[in-house]
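Here's the structure we're looking at; comments come further down.
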2 protein chains.
Amino acid sequence: MDNLSAKGISWYYDRLNRHCCRLTKPRRAILDILEDTGEHLSAEQIHRQVSKISTNAGLSTVYRNLELLVRIGLVWKFDAGDKKARYEIAKRTDENHHHHLICKKCNTIIDYSASVDNEKDFIKMREKNLSRKYNFKIENHCIDFFGLCYKCRKS
Amino acid sequence: MDNLSAKGISWYYDRLNRHCCRLTKPRRAILDILEDTGEHLSAEQIHRQVSKISTNAGLSTVYRNLELLVRIGLVWKFDAGDKKARYEIAKRTDENHHHHLICKKCNTIIDYSASVDNEKDFIKMREKNLSRKYNFKIENHCIDFFGLCYKCRKS
DNA sequence: CTTGTTAATGAGAATTATTCTCATTAAAAA
DNA sequence: TTTTTAATGAGAATAATTCTCATTAACAAG
């Protein structure tokens with residue numbers, strides 16, 4: 001029940017293949033979880049979930065794979081101020097590319113779409129100019145706003 | 001030689017005072033160092049420098065103060081991908097407010113001024129719209145671009 | 001200036017996210 | 001099926017940060 005043909009070959013298969021990475025069970029579990037939730041999970045949350053849907057994988061395997069997946073661009077890693085990293089799936093399509101509003105107090109993370117107010121155009125222009133000016137190959141970016149969410153404003 | 005009158009009462013005195021924080025020796029040393037270098041230092045770098053110019057302060061004192069200073073808005077904290085936090089002085093004036101280009105490989109950090117290409121205007125507009133839409137009090141933001149610097153592109 | 005109150009300190013122990021080690025396992029090629 | 005070698009899992013090791021607690025020093029009040 002846990003083989004490729006059951007779900008069909010996933011979108012990430014090619015990318016893994018191109019990087020000579022095997023499609024292992026924990027690796028698939030991590031990607032599937034991140035894809036399904038669409039949330040920003042910590043390594044430990046991912047580890048817990050993986051242990052549910054797949055044979056229980058070691059925490060170090062989860063870390064190792066997250067590092068790999070970030071490196072080959074399938075996953076985004078970012079930091080919400082508390083000291084554990086968060087990970088989310090990185091289908092960088094215009095529809096679901098987004099940035100974050102992060103509450104300093106309760107650490108809630110609100111996603112907002114990057115495709116309003118010309119944000120996309122602005123970023124593209126900015127990347128182009130910065131690349132040229134500093135001779136820097138920009139691969140991705142992180143735009144986060146920090147402050148107080150609705151609930152925390154009142155307390 | 002290490003008293004207030006020697007350097008004059010510093011710009012941060014008021015802010016500390018308003019928060020009922022004493023103007024202690026290590027606290028001043030940290031602020032002075034961050035102000036002088038204008039760099040993004042890690043807690044440990046700051047600790048080393050503090051130990052030079054002031055009586056040697058404990059590392060925990062440095063951490064405690066950095067946390068405080070971030071909380072009352074005198075210092076900015078951010079994360080450059082390796083896992084130690086960086087700190088920089090937070091005089092949020094238009095002239096020196098800036099964002100970062102961070103090299104994934106060698107961790108070099110390039111500052112670029114936020115006051116070109118209408119970046120300031122764009123951010124301001126964005127903050128206003130997001131605040132309203134999500135009822136979120138935005139206090140600051142973090143805009144970083146990640147990629148490869150000039151040197152690392154070639155290797 | 002002296003004294004009393006209490007925030008702040010310093011040294012090191014404790015914590016915790018992440019990385020490393022290494023013997024074992026299982027993808028994928030032959 | 002066999003072979004090769006990337007990947008795994010368990011736990012030890014690392015390192016940044018936080019905590020503890022007895023001691024010190026800001027600074028307000030007399």
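Basis for what follows: all heavy atoms, side chains included, without hydrogens, waters or symmetry-related copies. Order of the sequence lines fixes the chain letters, A, B, ..., with proteins taken first and strands second; residue numbering starts at 1 for each chain.
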(message) Could you go through B:Asp32 and B:Tyr12, starting from their C-alpha distance and side-chain angles, then the distance that decides it, and tell me whether this counts as side-chain hydrogen bond (donor to acceptor under 3.5 Å, both in side chains)?
(response) CA-CA 10 Å; B:Asp32 287 341; B:Tyr12 46 70; 2.8 Å; yes
(request) Identify which nucleotide among C:dA17, D:dT8, D:dC19 has an atom closest to any side-chain atom of A:Tyr63, counting heavy atoms from C-beta outward. (result) C:dA17
(request) State the CZ-CD1 distance between B:Arg86 and B:Ile46, to the nearest 0.5 angstrom. (result) 10.0 Å
(request) For the side chain of A:Lys84, starting at C-beta, report the closest nucleotide among C:dA17, D:dA16, C:dT9. (result) C:dA17
(request) Report the distance from atom CG of B:Asp79 to atom P of C:dA17, rounded to the nearest whole Å. (result) 15 Å
(message) From CZ of B:Arg64 over to P of D:dC19, roughly how many Å is that when rounded to an integer?
(response) 11 Å
(message) Tell me whether the side-chain N/O atoms of A:Asn65 come closer than 4.0 Å to OP1 or OP2 in D:dT8.
(response) yes
(message) Without decimals, in angstroms, what is the distance between A:Leu68 CG and C:dC20 P?
(response) 15 Å
(message) Holding to ring-ring contact (aromatic ring centres under 6.0 Å, His included), I want the full list of residues that pass it with A:Phe78, two or more places apart in sequence or in another chain.
(response) A:His40, A:His100
(request) Take A:Gly58 and B:Ala85, find for each the nucleotide of DNA chain D with the closest heavy atom, and name the residue whose nucleotide sits nearer the 5' end. (result) A:Gly58
(request) Note down the inter-axis angle between the two ends of the helix from C:dC1-D:dG30 to C:dA30-D:dT1, five pairs each, to the nearest 10°. (result) 40°
(request) Mind checking B:Thr24 for me? I need base, sugar-phosphate or nothing, with any heavy atom below 4.0 Å counting as a touch. (result) sugar-phosphate
(request) Measure the spacing between OG1 of A:Thr108 and CD1 of A:Ile102 and express it to the nearest 0.5 Å. (result) 10.5 Å
(message) Taking B:Ile109 as the starting point, is it possible to reach B:Tyr112 by hopping between hydrophobic residues whose side chains are less than 4.5 Å apart?
(response) no
(request) Whole angstrom is fine here: how far is it from CD in B:Gln45 over to C1' in D:dA16? (result) 14 Å
(request) Could you please name the option among C:dT19, C:dA28, C:dG10 that lies closest to any side-chain atom of A:Leu23? (result) C:dA28
(request) Grab the CG-P distance between B:Asp82 and D:dT17 for me, whole Å please. (result) 9 Å
(message) In whole Å, I'd like the distance from the CZ atom of B:Arg28 to the P atom of D:dC27.
(response) 10 Å
(message) Which nucleotide wins on minimum distance to the side chain of B:Lys25, given the candidates C:dT9, D:dA26, D:dC19?
(response) D:dA26
(request) Find which nucleotide of DNA chain D each of A:Leu59 and B:Glu44 is nearest to by heavy atoms, and output the residue with the more 5' nucleotide. (result) A:Leu59
(message) Would you say B:Thr61 and B:Arg64 are linked by a side-chain donor-acceptor pair, where the criterion is simply a distance under 3.5 Å?
(response) yes
(request) May I have the distance from B:Leu41 (atom CG) to D:dA16 (atom C1'), rounded to whole angstrom? (result) 16 Å
(message) Counting only side-chain nitrogens and oxygens, does B:Asn17 get under 4.0 Å of the OP1 or OP2 atom of D:dC27?
(response) no
(request) Check whether any side-chain nitrogen or oxygen of B:Ser60 sits under 4.0 Å from OP1 or OP2 of C:dG10, and answer yes or no. (result) no
(message) Grouping I, L, V, M, F, W and Y whenever their side-chain heavy atoms are under 4.5 Å apart, do A:Tyr134 and B:Leu148 come out in a common cluster?
(response) no
(message) Distance check needed: D:dA10 C1' versus A:His47 NE2, whole Å only.
(response) 10 Å
(request) Run the salt-bridge test on B:Arg126 and A:Glu119 with the 4.0 Å N-O cut-off and return the result as yes or no. (result) yes
(message) If I take atom OG from residue B:Ser42 and atom NE2 from residue B:His47, how far apart are they, to the nearest 0.5 angstrom?
(response) 11.5 Å
Polar atom pairs (N or O), protein with nucleotides 3-6 of chain D, under 3.5 Å:
residue, atom, partner, partner atom, Å
D:dA6, O4', A:Arg22, NH1, 3.4
D:dA6, O4', A:Arg22, NH2, 3.3
D:dA6, N3, A:Arg22, NH1, 3.3

(request) Please examine the side chains of A:Arg27 and A:Cys21, heavy atoms only from C-beta on, and report whether any two atoms are closer than 4.5 Å. (result) yes
